[in-house]
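Chain letters run A, B, ... following the sequence lines, proteins first and then strands; every chain starts at 1.
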There are 2 protein chains.
Amino acid sequence: MPGTRQTRQSLRQTVVEGIKGYILDNRLRPGDPLPTEPELCQALGASRSSVREAVKVLNALDIVEVRHGHGTFVGRLSLSALVESLTFRGLLSVEDDVQVLSDLIDVRELFEHGMADRIVAALDERQLDALDAVVSDMKAQADSDSVSTALVGADRDFHALLVAPLHNDLIAQLSLAFWDVYAVVAPHLHGFGPEEAAEAAAAHKEIVEAARAGDLDRFRAAVTAHYAPVRSRLAAAG
Amino acid sequence: MPGTRQTRQSLRQTVVEGIKGYILDNRLRPGDPLPTEPELCQALGASRSSVREAVKVLNALDIVEVRHGHGTFVGRLSLSALVESLTFRGLLSVEDDVQVLSDLIDVRELFEHGMADRIVAALDERQLDALDAVVSDMKAQADSDSVSTALVGADRDFHALLVAPLHNDLIAQLSLAFWDVYAVVAPHLHGFGPEEAAEAAAAHKEIVEAARAGDLDRFRAAVTAHYAPVRSRLAAAG
DNA sequence: CATTATTTGTGCGTATGTATG
DNA sequence: CCATACATACGCACAAATAAT
């Protein structure tokens, strides 16, 4: 064996750090190619099994992206790991506890309520028009009897557009990540019928109108009013 | 039924979902033991390689915890994956961009500024005393010439105590996760000397005094004043 | 369009290190 | 100290997917 190094660290962790170091040292960017598995084996002095496990760990963190039959590349560095982790936590505790979802809604509301001043100040005409278009789409969807997947997609778009003017990528990605977690976990708690859809569409409409009027207090009140029924459904289910 | 074909899904992803399903179906809790690797192989119809890679992925998400020579157990479901992912993102972009850290500070301030009303209202005597103790400790550390690791640890404790009264585990864990990311990435940008330490200690002291006085506006101003020099250092480094 | 080279995905056997009793 | 059970690591062989020739 090459060097009886008394590694308190596991070899796989060493390989993980080695690959991260390779990306940092070579100033690679998302999408850039990484060495092939055999090359990494030689460069890091580990077997292919260890390298593969390390690559899979980094893949789970979206630090690297693996394409079968093509190669390994620097990942998008998204928050997909947070989504998967939080979703599982929610599913595991949803049987006897809604605290996870309640905490999550608190943070989502905090993004939109606590940043209300900046959002209202930064929203321009184009962004307001885009929000109006989503609201119109939601209203049309809500008026039809069935609750379609287009409706939930429009809701996701709405909240993404709402925090977009902050130009804070972390808030934007966290907001969407929490939305995704809620969308997966909440259906295990309660349904979402036409009346809830109409309610949500109206709440979104009020938020946009308040923003267009530049009325900060009205905007904050509209955001609070939007999340109130969400909390009610959580409390009723828990 | 394992008879159904999983043509599009990779086998490893199937195993990942299988292990997650096993935990959910059996209502396991953090710390509960999982089947051994050979048992998982037979149960999921996969080889050791695939099972091991799947376990490592779940380990990276803190959904399972592996103890060498002992066994595999349900993990603590922490946000360690978020810390690792965001830290790497920060290190990768720190060379030509401080936006990642700036966004992160915005969110940390949002937690304490946007939730100020609830924090001030919920803080009790014991929590205020604990905050005072940390502030005293920081001041003592700052007065000594060297900047010790105890100082940064006290800062971490302070911000954890500050959001603790919210009883929102997600905010508490996100707040600490962002603190950890900043603590790793920021040293690559700027130093942290005795004058900054004294400044931070004074800012923390003002926050606690405002909270003890129940003065919400003063508390918010103190939080803003605390993060202002942090932003200045970021702007100067970027 | 087919072939082929490249690269990752999967399976299996074996040896070693580690924790527990 | 020994025995057992388990995870760690290695190396090879073959399958599957992709891209270029």
Side-chain angles (χ1 to χ4, degrees), chain A residues 1-20 22-23 26 28 30-76 80, chain B residues 2-19 22-23 28 30-76:
Chain A
M1 305 311 292
T4 56
R5 43 179 166 179
Q6 194 62 10
T7 51
R8 193 168 324 190
Q9 284 271 27
S10 72
L11 177 57
R12 185 187 60 259
Q13 194 58 30
T14 305
V15 176
V16 166
E17 296 304 321
I19 296 176
K20 292 204 291 188
Y22 177 89
I23 297 173
N26 294 86
L28 300 185
D32 288 349
L34 267 64
T36 66
E37 287 176 351
E39 286 170 341
L40 286 175
C41 292
Q42 184 182 0
L44 300 171
S47 72
R48 196 174 165 220
S49 314
S50 301
V51 169
R52 276 185 61 79
E53 288 181 5
V55 168
K56 293 319 167 277
V57 167
L58 293 173
N59 185 239
L61 301 174
D62 203 18
I63 289 177
V64 308
E65 176 187 349
V66 181
R67 275 178 267 176
H68 189 171
H70 190 194
T72 308
F73 307 83
V74 180
R76 302 291 170 218
S80 56
Chain B
T4 53
R5 288 274 168 257
Q6 70 284 348
T7 46
R8 278 296 174 212
Q9 280 275 50
S10 74
L11 179 55
R12 185 186 58 258
Q13 195 56 31
T14 306
V15 175
V16 166
E17 296 304 321
I19 295 175
Y22 176 89
I23 296 173
L28 300 185
D32 289 348
L34 265 64
T36 66
E37 285 177 350
E39 287 170 340
L40 286 175
C41 292
Q42 185 181 359
L44 300 171
S47 72
R48 280 181 182 80
S49 315
S50 301
V51 169
R52 274 185 63 80
E53 288 182 6
V55 168
K56 297 309 164 293
V57 167
L58 293 171
N59 188 14
L61 301 173
D62 203 19
I63 288 178
V64 308
E65 177 187 349
V66 180
R67 272 177 268 176
H68 193 145
H70 191 194
T72 308
F73 306 84
V74 179
R76 301 291 171 219

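Side-chain N or O atoms of A:Gln13 include none that pairs as donor or acceptor with a backbone N or O of A:Ser10 at under 3.5 Å.
Atom CZ of B:Arg48 is separated from atom P of D:dA5 by 14 Å (rounded to the nearest Å). Atom pair B:Gln9:CD and D:dA16:P shows a separation of 17 Å (rounding to whole Å applied). Counting to the nearest Å, the P atom of C:dA19 and the CD atom of B:Glu65 are 14 Å from each other. Rounded to whole Å, atom P of D:dC14 lies 20 Å from atom CG of B:Leu11. Nucleotide D:dA9 holds its P atom 13 Å from the CD atom of B:Glu53, rounded to whole Å. A straight line from CZ of A:Phe73 to C1' of C:dT6 spans 12 Å, rounded to a whole angstrom. What separates CD of B:Glu39 from C1' of D:dC6 is a distance of 11 Å, to the nearest Å. Distance, B:Glu37 CD to C:dG13 P: 16 Å, rounded to whole Å.
The side chain of B:Ser50 contributes an N or O atom lying less than 4.0 Å from OP1 or OP2 of C:dG11. Distances shown here put every side-chain N or O of A:Lys56 at or beyond 4.0 Å from the OP1 or OP2 atom of C:dT8.
Nearest to the side chain of B:Pro38, among D:dA7, C:dT8, C:dG11, sits D:dA7. Closest approach to the B:Thr72 side chain among D:dA7, D:dA9, C:dT7 is made by D:dA7 (side chain taken as heavy atoms from C-beta onward). Closest to the side chain of B:Arg12, from the set D:dA7, C:dG9, C:dG11, is C:dG9.
Contact of A:His68 with C:dT8 (side chain to base): a donor-acceptor pair of N or O atoms is detected under 3.5 Å.
The shortest heavy-atom contact between B:Val51 and B:Val15 is CA-CG1, 4.1 Å. Between B:Pro30 and B:Gly75, the shortest heavy-atom distance links the atoms CB-O, 3.2 Å.
Residue-level contact check: B:Ser49 touches the bases, meaning some heavy atom is under 4.0 Å from a base atom. As judged by a 4.0 angstrom heavy-atom cut-off over every strand, A:Arg52 is placed among the base-contacting residues. Counting non-hydrogen atoms under 4.0 angstrom, B:Val66 reaches the backbone sugars and phosphates but no base.
Listed by chain and residue number, A:Glu17, B:Glu84 satisfy the salt bridge (Lys or Arg N to Asp or Glu O under 4.0 Å) test with A:Lys20 (two or more places apart in sequence, or in another chain).
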Go through B:Lys56 and A:Lys56 one step at a time and tell me if the side chain to side chain contact (heavy atoms under 4.5 Å, CB included) criterion holds.
CA-CA 7 Å; B:Lys56 297 309 164 293; A:Lys56 293 319 167 277; 5.8 Å; no
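Side-chain contact between B:Ile19 and B:Thr72 is absent, with no heavy-atom pair separated by less than 4.5 Å.
Residue B:Arg48 places its CZ atom among 12 or fewer non-hydrogen atoms of other residues, nucleotides or ligands, all under 6.0 Å distant.
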Atom pairs under 3.5 Å, N or O on each side, protein against nucleotides 19-21 of chain D: can you list them with distances?
none

